[in-house]
Amino acid sequence: MNTINPKISVIVPVYNTSTYLRRCLDSILEQDFTSYEVICVNDGSTDNSLEILREYEKKSEKIKVINQVNNGVAKTRNTALKHAKGDYLAFLDSDDFVRENYLSRLYDAAIDTRSDIVICNFYRYYEQINLAKPVFYKFRRGVFNKYDILKGLIPDNLIHSYLWNKLWKREIFEDFNSFPDMKFEDLAIMSQLIYKADKIAVINDALYYYRIRKTSIVRNICLQTQNDYMKAYALIRLFLKDTGEYSRLKRYYFYFSLKAYIVMLAVNIMLFKEYPSFKLFLQNTMSIKSFMKACREDNFKMTKEDILNYNVLSSEVKMSILNANKVSK
């Protein structure tokens, strides 16, 4: 086992997932691929996750545990990146698990096709009924350039913005400015990462089990989480502006806009149950519309700082409704 110069670094952020952590780690250690290391970063867990990590660290020399105060998943991944030594990177969520050929299949595809990124299919695992349902991409199998993938990625339908169903060449992250400290951080930066690749391979194999938990669904319907969704939407627009690719990919950003608008309206309706004010509902509806209109303008002017400091949804009624001109300044 070569853990000094591993081919792959597997990055696992951990926060209060002790119930699922053993299955996650076991699935990694049962890989039929041998040249890898596992970087587990405990993000200030208050359950016994750290104890389990230390147990597995003693069990296998492949596992390295880093303990830190709670900083969120974005900073946890940033910490792991600094310690990773592999030629390629793989990301796992600590409540998920993988098939025994997860690493070998992705690595072989990367080497055979000389691709910078390999994307695989995955299962949605419904824990309450113990059902694993394969999710097959509509995107065809093969080797593609970055523009082919971005056309399916930006609308978030043919290719999804998950870190964990992909194998990444280390160089993709070398000049990376770090994950933004927000929810939907993978959605926010995925286009930027894909853009750095020359070749991307897509394989049909379903290799990853994405656990669907009732608590994870509930947690996604909240004010700050959905504000972060809008920030991710705007950060993609900023990427298109900075790279000069907006005119080339404008149609696909518009497709994403349609999806995002429907999602946000649905969320606003759900929030109405928590904040039952028609004036607030109208304010948030107009705020969503104005913000998204500003993002679709050809002369988009928002900076990264503007985006990260702005909240589209509010729980309080403001004196005036936001307009697009104010957003774009």
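Note that this is a predicted model, so its numbers are computed, not measured.
The neighbour count for Lys289 NZ, taken as heavy atoms of other residues, nucleotides or ligands under 6.0 Å away, does not exceed 12.
At a threshold of 4.5 Å between non-hydrogen side-chain atoms, the residues Leu103 and Tyr36 count as touching. Counting heavy atoms from C-beta on, the side chains of Met292 and Met230 come closer than 4.5 Å. The side-chain heavy atoms of Lys166 and Met190, taken from C-beta on, include a pair separated by under 4.5 Å. Ser60 has its side chain within reach of Leu29: a pair of non-hydrogen atoms, C-beta onward, lies under 4.5 Å apart. Side-chain contact between Ser45 and Val14: present, with at least one pair of heavy atoms (C-beta onward) separated by less than 4.5 Å. With a 4.5 Å cut-off on side-chain heavy atoms, Asp43 and Gln68 count as touching.
When all heavy atoms of Thr46 and Asn16 are compared, the pair lying nearest together is N-OD1, 2.6 Å.
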#### Entry: Audit row: Asp156, Lys259, salt bridge (charged side-chain N to carboxylate O under 4.0 Å, His left out) steps and yes/no
CA-CA 9 Å; Asp156 196 32; Lys259 176 181 179 179; 3.1 Å; yes
### Task
Evaluate the criterion salt bridge (charged side-chain N to carboxylate O under 4.0 Å, His left out) for residue pair Arg211 and Asp93; output intermediate values, then yes/no.
CA-CA 9 Å; Arg211 186 185 298 271; Asp93 288 349; over 6 Å; no
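With hydrogens and angles left out, the side-chain atoms of Ser35 and Tyr107 include no donor and acceptor closer than 3.5 Å. For the residue pair Asp96/Tyr125, the side-chain donor-acceptor check at 3.5 Å is not satisfied. Side chains of Gln31 and Ser104: a donor-acceptor N/O pair is absent below 3.5 angstrom, by distance only. In summary, the side chains of Asn42 and Ser49 do not present any donor paired with an acceptor at a separation below 3.5 Å, with no hydrogens or angles considered.
Within the structure, salt bridge (charged side-chain N to carboxylate O under 4.0 Å, His left out) contacts touching residues 235-245 (residues at least two apart or in different chains) do not occur.
The aromatic rings of Tyr209 and Tyr123 sit parallel to each other, their planes meeting at less than 30°, with 60° as the upper class boundary.
For Phe272 and Phe278, the ring centers are positioned less than 6.0 Å apart.
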